[in-house]
Amino acid sequence: MNTSRSRGRTPRTLRIAALAVLLTTGAFTPSASADSARTETPVGTSGGVTETVVRVKAPLPASFGARPAACDWLSYLRYRSSSGPASSADADRVLVAQPGILEGAGAFDSVARNTVTRAAEQGRHIEFWALDRRSNCLEDRTGIASGDQHTAVDYYYRGKQVQGRTFAGFVGNDKLGWMAKLGIEQTVRDEYTLLAAELPDQGVRKDKALCGGHSLGGVITGYFAAADFDGDPATTADAGHNQCAGYFALDTTVSTSLGDLSGSIPGDTNLPDVGLGYGVVQAGLDSGLLPRSLSAPVLLNPETMTLLAIAGVGALQNPGGQADLPSYLPANTNIEATNRFLFSKDTATFLTGSPAVKDFRLTNESILGSLMDDQSVPLAFLQSSVGFFDGGPITDKNFPAANGSSSQPRLFGTEYKAIPAEPHGPLYTWRNYDRVGDPDDPGYRSSDGTPFTAAGKEVTDIQELARSMAAQPLDFTEQYFPTKLVTDLELATSPQVKRLVVHPDGLTANPTLTVLAGDGLLAGRAPADLHPVIADGYQHLDVLTAAPVQNNGRPEPVSTALTEFARTPR
C-alpha cells in the first residue's frame, strides 16, 4: 500500500482556520481594499507549494446593469513553488486553467499541487493559476469555512449566524439580470484582462503562459485562442493565441465546438431551446423569462451543490465517525429528491423513498464517497474514483439505469453502480483508493459476477477530494453557471457567435497537450490525431483530483504530462 495519503497535507485545523480568516477579515470584499486594484491573500504552504488567492478589480461594462460589488472582481488560486520566485513573471512557466461546466477554481487543487511539486523536483519553478469564472462571485463560503458540519447546515438552511453574518439565501433568477450577458465573449475577455493585469508584458505572456482547461474549459480555451481583443484583426499582439506559448486540454479538446463533450450537460437542466435562435434566446435571458443560471431539480442547483461541500467538511472533520448529515438536514422537496436519486437501488425505492439514506449507518467519508464516486453517482461529469464502500454487504444500484446495460446513456458513465444493502445494519465505512485490492479487501461483485472495482480503477484520495471541496477559499463547484455561456456555444454557427472567431488559425498556432481520462467523457473515441496522453482508469474529475502516487507505484500521469509539457523549449 502506498503512503500518498499524507503527502503535502496541511493539518485540517490550520486549513480551516486560514479559510475562516480569509472570509472574516474582508479579504473577499472590494471595500476592504478600496484603494487597491489587486489583493493577494495567503491560503497556506505545505509540501513545498505556496497557495494564495488573488483578486483583480475588473469592472464589467455599465451595459451589464446592477450586480454585487464582488462581481466586478476576478479571482484565481495561485499555486507556486515555495522555493521559487515570488513574481509570476520570473517563473519558468505559468499554467492558466479554465474550469469546466458547473466547476470552480477549488477543483484544480490536487492537479495544481502535483504539477508544481513535480516541476520543483526537476529543478523548475512553475505556477498554476486555477481561475474562477466571474459568476462565482455570488457564492457565500462562510458556513463551509466554519469547519463544522452542523454549523454549516444551520447557516445555509436554518438562518443561524456565523461570525456575525447571516446567509442572504440562494439567489433567484430575478437577481441575476447582469448574468444575461455573461457569455463566451465576456468569459474570454475576462481571461485576457486577468493575464494582461498579472503579466503586463505581452512578450512574457507569449513566452511563458500555457493556456488550457478542463471539460468546457477546453472549448473556452479554443475561443480564447481564436479571439481578437483590440477590435483590429490586423494587429495581432492582442490576439488570443499570442497570449500563450501553448495549450493544454484535460479530458476535453481545445476547440470551438461542444461536440467532444457529449454527456457533460444533463438533458433535464433548464437550458432553453436554442432552436428559437440567438435573438429570441437573448431576449428571453434579458427579460428574465428564461433562466439565467443553469440548474436541474436534482443535485445541479445552488442548494444541493452546497451539500457537496458540507459533505466534504464532515469527511475532514471526522472521517470515520458515523454521519448524521442525512438526518440533520432540513426536510424539503429539493433535498429529498436529491437523496432519493442518489441513494435508491431501484425505481421502487426511488418512488417510495424507503429505505432512505438516513436508514443506513454511514461514516462521513462514505457519505462523500456516495456523492462523488464513480460506483455511486450516476452523472459522468461528476464522477471521481476515490475507492469503495466497506464494512457490510453491497448490492447493485440499478437506478436510474440498470447495471451492465449496453444502452446506458453516456451521461451515466460506464462503471457498475453499488449501494449498501442493509438498512439499520452495520456501519458502512469507506475503503480509500490506495486500499482497494489489499489482502483485506472483500472484493465486492455485482449480481452478475462483475467486480465493482479494482486497484487500477481507483486513483483519487478521498481526503484530498474533501480538502478541495471544503478547505479552499474558492469553491469546487460553480453554483450559478451562466446559461448564456452554454447557449452561446450551442449557437456557435449564429453570426453573433461566429464573429468572435477572428483568428481561427489561432487554435493550431501553438503546441497542444491533450490529456484524456481513460474512462472519461471521451473514452473509446479519443481523437487520434491529437496524440493524447491517456490516464488509464481515470474518470472525468480524476484528471483534476488524482493523488500524486498511484496504486501501481507510479507518479500521477496528468501532472507528469503537464510538467513535461511545461519543459518544452521556448
Side-chain angles (χ1 to χ4, degrees), residues 263 266-268 296-300 304 307-308 311 323 325-326 335-363 365-431 433 436 441-454 457-458 460 462 465 519 523 537 539-542:
D268 59 350
V298 174
L299 196 57
L300 304 180
T304 48
L307 293 178
L308 297 177
L325 180 62
I335 292 175
E336 174 65 17
T338 299
N339 283 339
R340 289 196 191 191
F341 181 72
L342 293 176
F343 292 95
S344 293
K345 68 176 182 179
D346 52 31
T347 303
T349 304
F350 176 76
L351 293 174
T352 64
S354 181
V357 59
K358 61 186 177 181
D359 296 327
F360 294 88
R361 299 179 62 224
L362 303 163
T363 64
E365 275 194 338
S366 60
I367 287 285
L368 181 60
S370 299
L371 292 170
M372 299 297 296
D373 188 64
D374 55 341
Q375 267 79 46
S376 182
V377 65
L379 300 175
F381 65 95
L382 282 177
Q383 292 174 355
S384 56
S385 307
V386 291
F388 197 72
F389 293 106
D390 206 348
I394 301 295
T395 190
D396 290 58
K397 185 178 187 298
N398 287 312
F399 178 86
N403 272 341
S405 171
S406 59
S407 60
Q408 182 165 298
R410 182 175 294 274
L411 172 65
F412 297 146
T414 58
E415 300 302 314
Y416 275 49
K417 304 297 184 286
I419 196 166
E422 289 188 4
H424 312 293
L427 177 64
Y428 284 93
T429 59
W430 192 259
R431 179 171 290 267
Y433 88 104
V436 172
D441 188 344
Y444 294 105
R445 292 176 177 266
S446 172
S447 58
D448 68 3
T450 303
F452 279 114
T453 191
K457 290 278 193 176
E458 302 300 333
T460 291
I462 195 165
L465 180 63
D519 296 327
Q539 297 291 343
H540 188 54
L541 284 182
D542 287 324

I want to check something: taking the side chain as every heavy atom from C-beta on, are [X] and [Y] in contact at a cut-off of under 4.5 Å?
| X | Y | result |
| --- | --- | --- |
| L300 | T304 | no |
| I462 | D373 | no |
| E422 | Y428 | yes |

For the residue pair [X] and [Y], what are the closest heavy atoms and their distance?
| X | Y | value |
| --- | --- | --- |
| D390 | P442 | OD1-CG, 3.6 Å |
| I394 | A418 | CG2-CB, 3.5 Å |
| L308 | L368 | O-CD1, 4.2 Å |
| P426 | P393 | CG-CD, 4.3 Å |
| L307 | L371 | O-CD1, 4.5 Å |
| I367 | A323 | CG1-CB, 3.6 Å |

To the nearest 0.5 angstrom, please state how far the [atom1] atom of [X] sits from the [atom2] atom of [Y].
| X | Y | atom1 | atom2 | result |
| --- | --- | --- | --- | --- |
| T347 | F399 | OG1 | CZ | 5.5 Å |
| L379 | F341 | CG | CZ | 5.0 Å |
| T349 | I419 | OG1 | CD1 | 7.5 Å |
| S370 | W430 | OG | CH2 | 6.0 Å |
| L351 | R340 | CG | CZ | 8.0 Å |
| Y433 | S385 | OH | OG | 12.0 Å |

Under 3.5 Å side-chain donor-acceptor pair for D519 and T414: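 Result is no, nothing qualifies.
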Salt bridge or not between R431 and E458? Use side-chain N to carboxylate O under 4.0 Å.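 No, no charged N to carboxylate O under 4.0 Å.
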Are the side chain of [X] and the backbone N or O of [Y] linked by a donor-acceptor pair below 3.5 Å?
| X | Y | value |
| --- | --- | --- |
| Q375 | E415 | no |
| S384 | M372 | yes |
| T363 | T429 | no |

Just one of N398, D374, D448, D396 clears the side chain to side chain donor-acceptor pair (under 3.5 Å) bar with Y416, so which one?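 Output: one option passes, namely D448.
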Scan P420, P423, P326 and name whichever one has a side-chain contact (heavy atoms from CB on, under 4.5 Å) with D359.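 That would be P423; it is the only one of P420, P423, P326 passing the side-chain contact (heavy atoms from CB on, under 4.5 Å) with D359.
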Are F388 and Y444 close enough that their ring centres sit under 6.0 Å apart?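 Between Y444 and F388, which both carry aromatic rings, the centre distance is below 6.0 Å.
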